[in-house]
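Contents: one structure, followed by commentary.
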Amino acid sequence: MKIASFATQGPIPNWTDDLALWAQLRESQPDRLPLDACVVDLHAPELESETLVGMAGLAKIAGISADDLPDPKYGGRNELPEAQYEVAGSMRWAVPVGQDWAENYRRDNGPAALLSATTVYNTAQPTGLVAVHNRLRGVFGRFPVIVDTLIIGS
């Protein structure tokens, strides 16, 4: 069956499963075209060049200054999301990719991260609570030694 044009009202769930089923079913057709002659065109508006954002757009999405972004020239490339488009070192990202990255960046570098610390049990807590926890842990950690000393000495 030939479909000249098909558009949906929104995302199609499990479209990769449908594409795989199509590829599997076409194997049973005796007069099938080779796969390279079958064109499946997926339109992704978020990947169109005019909607991609550069470093300034990525900073704006994250709500930070462009100067606060990791610099790809000095090893910060691994801290940035994978670019959807790159030419001559100029990286551009889809807005949804930038939003996902910004959420992670704020979680790892935002005020909540700066005002929290990690306990010895690897849980993130406010810094004051961690300081009290560590102090009390030290006090209670010494307690059995004091009790042992008192018992031995008596």
Side-chain angles (χ1 to χ4, degrees), residues 1-138 140-141:
M1 177 184 293
K2 181 176 181 179
I3 300 174
S5 178
F6 176 77
T8 65
Q9 296 299 323
I12 300 173
N14 303 322
W15 66 268
T16 54
D17 294 338
D18 295 336
L19 189 59
L21 179 62
W22 169 80
Q24 183 182 16
L25 291 176
R26 69 177 296 285
E27 292 296 322
S28 64
Q29 302 296 322
D31 57 345
R32 67 183 182 272
L33 292 172
L35 274 178
D36 60 355
C38 299
V39 177
V40 175
D41 183 20
L42 301 175
H43 179 68
E46 66 273 7
L47 295 177
E48 291 179 2
S49 61
E50 61 270 1
T51 62
L52 296 177
V53 296
M55 294 290 278
L58 189 63
K60 184 177 179 181
I61 290 170
I64 59 174
S65 158
D67 294 337
D68 291 336
L69 282 175
D71 193 334
K73 295 177 188 170
Y74 301 105
R77 186 180 195 89
N78 293 337
E79 297 174 36
L80 294 170
E82 185 176 341
Q84 277 68 62
Y85 180 76
E86 184 172 358
V87 170
S90 174
M91 297 182 290
R92 299 184 59 81
W93 296 272
V95 171
V97 171
Q99 290 168 335
D100 286 346
W101 177 83
E103 183 179 333
N104 292 332
Y105 182 85
R106 283 190 295 269
R107 183 190 65 233
D108 296 341
N109 300 296
L114 296 176
L115 297 175
S116 69
T118 304
T119 66
V120 294
Y121 303 109
N122 203 26
T123 60
Q125 301 290 335
T127 53
L129 187 61
V130 171
V132 170
H133 172 267
N134 290 340
R135 192 174 118 253
L136 290 175
R137 190 170 182 271
F140 291 124

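Just so we're clear, the structure is a prediction, and the values are computed from it rather than from any experiment. Hydrogens, waters and symmetry mates are skipped; everything else that's a heavy atom, side chains included, is used. Note that the numbering runs from 1 along the sequence shown for the chain.
In this structure N104 satisfies the side-chain hydrogen bond (donor to acceptor under 3.5 Å, both in side chains) test together with R107, sequence neighbours excluded. For Q29, the side chain to side chain contact (heavy atoms under 4.5 Å, CB included) partners at least two apart in sequence or on another chain are D31, R32. With sequence neighbours left out, E103 forms a salt bridge (Lys or Arg N to Asp or Glu O under 4.0 Å) with no residue at all.
From D18, atom CG reaches atom OG1 of T16 across 8.0 Å, with rounding to the nearest 0.5 Å.
Looking at T51, its side chain never comes within 3.5 Å of a backbone N or O of V95 through a donor-acceptor pair. Counting only distance, with no hydrogens or angles, the side chain of S90 and the backbone of V87 share no donor-acceptor pair below 3.5 Å. Panel note: side chain E79, backbone P70; no donor-acceptor pair is recorded below 3.5 Å.
In terms of heavy-atom proximity, L80 sits nearest to W101 at CA-NE1, 3.8 Å. Between A94 and Q84, the closest heavy-atom pair is N-OE1, 2.9 Å.
Listed by first and then second residue, the salt bridge (charged side-chain N to carboxylate O under 4.0 Å, His left out) pairs involving residues 122-133 amount to none (not counting sequence neighbours). For residues 82-102, the pairs satisfying salt bridge (charged side-chain N to carboxylate O under 4.0 Å, His left out) are R77-E86, with sequence neighbours left out.
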Show the atom names and distances, to 0.1 Å, of all donor-acceptor pairs under 3.5 Å that link a side chain in residues 58-69 to residues at least two apart or in another chain.
residue: S65; atom: OG; partner: D67; partner atom: N; Å: 3.1

